[in-house]
Amino acid sequence: MATATSARRTTAVDTELLYDMLLGARTADRVTLMFRDGRQITGALVFNQFKGTGRLIDVDKELSLDFGIDELRDVRF
C-alpha cells in the first residue's frame, strides 16, 4: 500500500513540474516534447493550463499534434 501512495505522490510531483515547464516554454521559439511512449517532437507550443492540454506545431514538417499533459515525460526548451 505504501508503494501505491508513493507512486501517486511521484505522479503528482511530475505533473506539477510538467505544468511549470510547459508554462515557461510557452514563450520559447521551439520546444521539444518527450512523450511516455518514446516519441520526441519539436515545434511551437500552445498550452491550455486549465484543461491540461496543448498543441505542438512543426511548420517545417507541416505537423500539428494535440497532447494531454498525462502523455508527457519531459519538456525541453
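- Exactly one of Val75, Asp74, Leu72 qualifies for a side chain to side chain contact (heavy atoms under 4.5 Å, CB included) with Met34. That residue is Asp74.
- The backbone N or O of Arg39 sits nowhere less than 3.5 Å from a side-chain atom of Arg73 that would complete a donor-acceptor pair.
- For the atom pair CG (Asn48) and CG (Asp66), the distance works out to 11.5 Å, reported to the nearest 0.5 Å.
- Under the 4.5 Å side-chain heavy-atom criterion for ILVMFWY residues, a single connected hydrophobic cluster contains both Leu22 and Phe35.
- A pairwise comparison of heavy atoms in Ser64 and Ile57 identifies OG-CG1, 4.2 Å as the closest pair.
- The nearest pair of heavy atoms linking Phe77 to Met21 is CE2-O, 3.6 Å.
- Atoms OG1 and CG, on Thr15 and Asp70 in that order, are 8.0 Å from each other to the nearest 0.5 Å.
- A single hydrophobic cluster is not seen to contain both Val46 and Ile41; linkage of ILVMFWY side chains at heavy-atom distances under 4.5 Å, directly or through other members, places them apart.
- By the 6.0 Å contact criterion, CG on Asp37 is enclosed, its count of non-hydrogen atoms from other residues, nucleotides or ligands being greater than 12.
- Between Phe67 and Leu45, the shortest heavy-atom distance links the atoms CZ-CD1, 3.7 Å.
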